[in-house]
Protein chains: 2
Amino acid sequence: MTITQNIKVAVDAVVFGYNSTDGLSILLIKRKSDTFHGTWALPGGLVHEGESLEQAVTRELNEETGVSINYLEQLYTFGKPERDPRNRVVSVAYYGLVKPDIFKLKAATDASDVAWFEVKRLPTLAFDHNEIISEAIKRLKGKITYEPIGFELLDEKFPFSELEKLYMTVLDRPLDRRNFKKKIMKFGFLEETKEKQNLSGAGRPGNLFQFNQEKYFQLKKEGINFEI
Amino acid sequence: MTITQNIKVAVDAVVFGYNSTDGLSILLIKRKSDTFHGTWALPGGLVHEGESLEQAVTRELNEETGVSINYLEQLYTFGKPERDPRNRVVSVAYYGLVKPDIFKLKAATDASDVAWFEVKRLPTLAFDHNEIISEAIKRLKGKITYEPIGFELLDEKFPFSELEKLYMTVLDRPLDRRNFKKKIMKFGFLEETKEKQNLSGAGRPGNLFQFNQEKYFQLKKEGINFEI
DNA sequence: ACAAAAGTGTTCGTCATACACCCATGT
DNA sequence: ACATGGGTGTATGACGAACACTTTTGT
């Protein structure tokens, strides 16, 4: 008995961007095809025959949003039979992080069909995309506490308070400034530069810090264990 | 432009069993079809049109091994274009845990096409199944340290030393008996029964313990955080 | 009596937590 | 001068790590 299976394979991407004024945001597109026409949805689409899943995600992101991703990781595969009303589609979801300069596309491209939405103010999305996003947020929260991926959402160099605010935003709880700094600096992969933040409004400008990835890999090999 | 995609969707299962003499083992089947004929492989197969991914896994496990699973969780989706030499197959891998009484099928069914292999002594498998297994082991190691899923590999009631040995086997490092017990008991979801282990050879028989799942859920809701 | 496994408490060091004042800059 | 955010140290408590002897059973 040969089973003729007719299931489509798609990928979807939950792309996170961050800045300290808008908090954590997600990249969405407005659908043009019949099903869920005009509804906001995650960027994504069917996988092509010859490409890997990762290639499919980056291609779709490029085609649909023009955004190039910085950190990408597989999230979960969603496969309920009825998740797509047209026909059976199994979707492999990924989540990704982009740096602030890419996130700034916020107002740039004509925002009629691609836009960033703050995590706190998401619209109702097509398919099961709201569910996918809530899984992605859960995963990001977890991951950020035991792998230093927070840096992937910040500029090369950033004032320490940015990192702190990022963690508080993502984890959605207050963190003591001094204890947080002590903990992070103790690991040894965050370097203090001699540059200062160029002043934005009031307050004392902070020193800029940068993440040393090589040092982190080295420390990780030696058996560091990062945890917030 | 319509894309006519012809990718198959399969599921594969890494089923773990445990006992203190053989350690951690995985359930494998010997392939009967042409490709990789006679090679050991993970149980699994194509997803049917109307069923969910989880249903597909449990169905395949039932058909191919007769084993009914106790704890099941999605692991990762493997989708490299060349991972199946025949045609493109994207496989959603799951991992599962079974209780010792099911694990005992070891010698039971005529072991010519279904068998348990100790994790330390795995053969070379079909497709990318060795890779899938090594991901599963990595995941199990991680998961067992922050969720009490170890109990899913033990009988309802077990002597404390079994739990201890299980953790040492999975984590592949020694654990101090007293510290481990203190830590586990402090959580409050492990109950000491008044029964004693029925003697197996020499040594003082230990008391039997049982995991109280309801209590665990309750504690989890209150914000416990389990960690070894 | 001996071998094998179970049971049990204390000490020490490290790390998490809580907490408040001064400094540099813009307005 | 004042408002805003940056920078920093100490004291206390909790928890993880290290560690050895006694008890119960089978042989």
Side-chain angles (χ1 to χ4, degrees), chain A residues 19-21 23 144-146 148 154-155 157-169 171 173-210 219 223-228, chain B residues 19-21 23 144-146 148 154-155 157-169 171-210 219 222-228:
Chain A
N19 69 28
S20 53
T21 56
I144 211 173
T145 63
Y146 63 88
L154 298 177
D155 284 311
K157 298 179 182 177
F158 51 86
F160 199 87
S161 60
E162 280 292 299
L163 185 65
E164 195 190 305
K165 279 182 242 163
L166 167 61
Y167 269 84
M168 290 197 282
T169 305
L171 300 180
R173 63 179 162 99
L175 291 171
D176 181 85
R177 204 145 49 100
R178 286 165 288 187
N179 294 337
F180 181 72
K181 188 159 182 178
K182 250 183 292 178
K183 202 187 283 193
I184 295 286
M185 296 312 288
K186 190 166 49 63
F187 292 121
F189 51 66
L190 192 62
E191 293 167 350
E192 187 161 4
T193 70
K194 276 160 191 169
E195 301 168 60
K196 289 208 181 305
Q197 181 180 22
N198 36 1
L199 342 167
S200 56
R204 173 176 173 177
N207 288 337
L208 296 182
F209 289 76
Q210 61 186 336
L219 289 166
I224 195 189
N225 74 305
F226 178 78
E227 195 176 342
I228 298 300
Chain B
N19 70 26
S20 53
T21 54
I144 212 173
T145 61
Y146 62 89
L154 298 177
D155 284 312
K157 297 179 183 179
F158 50 87
F160 199 87
S161 61
E162 280 292 299
L163 185 64
E164 194 190 305
K165 278 183 241 161
L166 167 61
Y167 268 83
M168 291 197 282
T169 306
L171 299 181
D172 199 24
R173 63 180 162 98
L175 290 172
D176 180 85
R177 203 144 50 98
R178 286 165 287 187
N179 293 338
F180 181 72
K181 188 160 184 180
K182 250 182 293 176
K183 202 187 286 195
I184 296 286
M185 296 313 286
K186 190 166 49 64
F187 292 120
F189 50 67
L190 192 62
E191 292 167 350
E192 187 160 4
T193 70
K194 276 159 190 170
E195 302 168 57
K196 288 211 182 303
Q197 181 181 21
N198 36 0
L199 342 166
S200 55
R204 172 177 175 176
N207 287 338
L208 296 180
F209 290 76
Q210 62 187 337
L219 288 167
E222 294 166 13
I224 196 189
N225 76 304
F226 179 77
E227 195 176 341
I228 298 301

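Quick note on labels: first sequence line is chain A, next is B, and so on, each numbered from 1. Only a predicted model underlies this, so the values are computations on that prediction, with no experimental measurement involved.
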Could you tell me how far apart [X] ([atom1]) and [N] ([atom2]) are, to the nearest whole angstrom?
{"X": "B:Asn207", "N": "C:dA5", "atom1": "CG", "atom2": "P", "value": "17 Å"}
{"X": "A:Lys196", "N": "C:dT25", "atom1": "NZ", "atom2": "P", "value": "7 Å"}
{"X": "A:Glu195", "N": "D:dG6", "atom1": "CD", "atom2": "C1'", "value": "17 Å"}
{"X": "A:Arg177", "N": "D:dG7", "atom1": "CZ", "atom2": "C1'", "value": "7 Å"}
{"X": "A:Ile228", "N": "C:dC15", "atom1": "CD1", "atom2": "C1'", "value": "14 Å"}
{"X": "B:Glu227", "N": "D:dA17", "atom1": "CD", "atom2": "C1'", "value": "15 Å"}
{"X": "B:Ile184", "N": "C:dA6", "atom1": "CD1", "atom2": "P", "value": "16 Å"}
{"X": "B:Lys181", "N": "C:dG7", "atom1": "NZ", "atom2": "C1'", "value": "6 Å"}

Worksheet item: So, the side chain of B:Gln197 versus the backbone of B:Pro205: is there a donor-acceptor pair under 3.5 Å, distance only?
Response: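 No; judged by distance alone, with no hydrogens or angles, the pair does not exist.
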Validation row: [X], [Y] side chains within 4.5 angstrom (heavy atoms):
{"X": "A:Ile144", "Y": "A:Ile228", "answer": "no"}
{"X": "A:Leu163", "Y": "A:Phe180", "answer": "yes"}
{"X": "A:Asn207", "Y": "A:Lys194", "answer": "no"}
{"X": "A:Phe226", "Y": "A:Ile184", "answer": "yes"}

Discussion item. Using heavy-atom distances to pick each residue's nearest nucleotide on DNA chain C, tell me which of A:Pro205 and B:Gln197 is more 5'.
Written reply: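 Here B:Gln197 is the residue nearer the 5' end.
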Discussion item. If the cut-off is 4.0 Å, is B:Ser161 near the phosphate of C:dA6, judged by side-chain N/O to OP1 or OP2?
Written reply: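 So the side chain of B:Ser161 is within the cut-off, an N or O lying under 4.0 Å from OP1 or OP2 of C:dA6.
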Worksheet item: Are OP1 or OP2 of D:dG16 and a side-chain N or O of B:Lys182 less than 4.0 angstrom apart?
Response: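 No.
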Worksheet item: So, does the side chain of A:Asn179 form a donor-acceptor pair with the base of C:dA18 at under 3.5 Å?
Response: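 By the distance-only test, yes, there is a pair.
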Worksheet item: Touch check for A:Asp176, heavy atoms < 4.0 angstrom, all strands: base, sugar-phosphate only, or nothing?
Response: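 Base, at least one base atom sits under 4.0 Å.
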Where the side chain of [X] is defined as all heavy atoms beyond and including C-beta, which of [options] is the nearest nucleotide?
{"X": "B:Lys183", "options": "D:dG16, C:dG7, C:dA24", "answer": "D:dG16"}
{"X": "A:Arg204", "options": "D:dG6, C:dA4, D:dT25", "answer": "D:dG6"}
{"X": "A:Arg178", "options": "D:dG6, D:dG9, C:dT8", "answer": "D:dG9"}

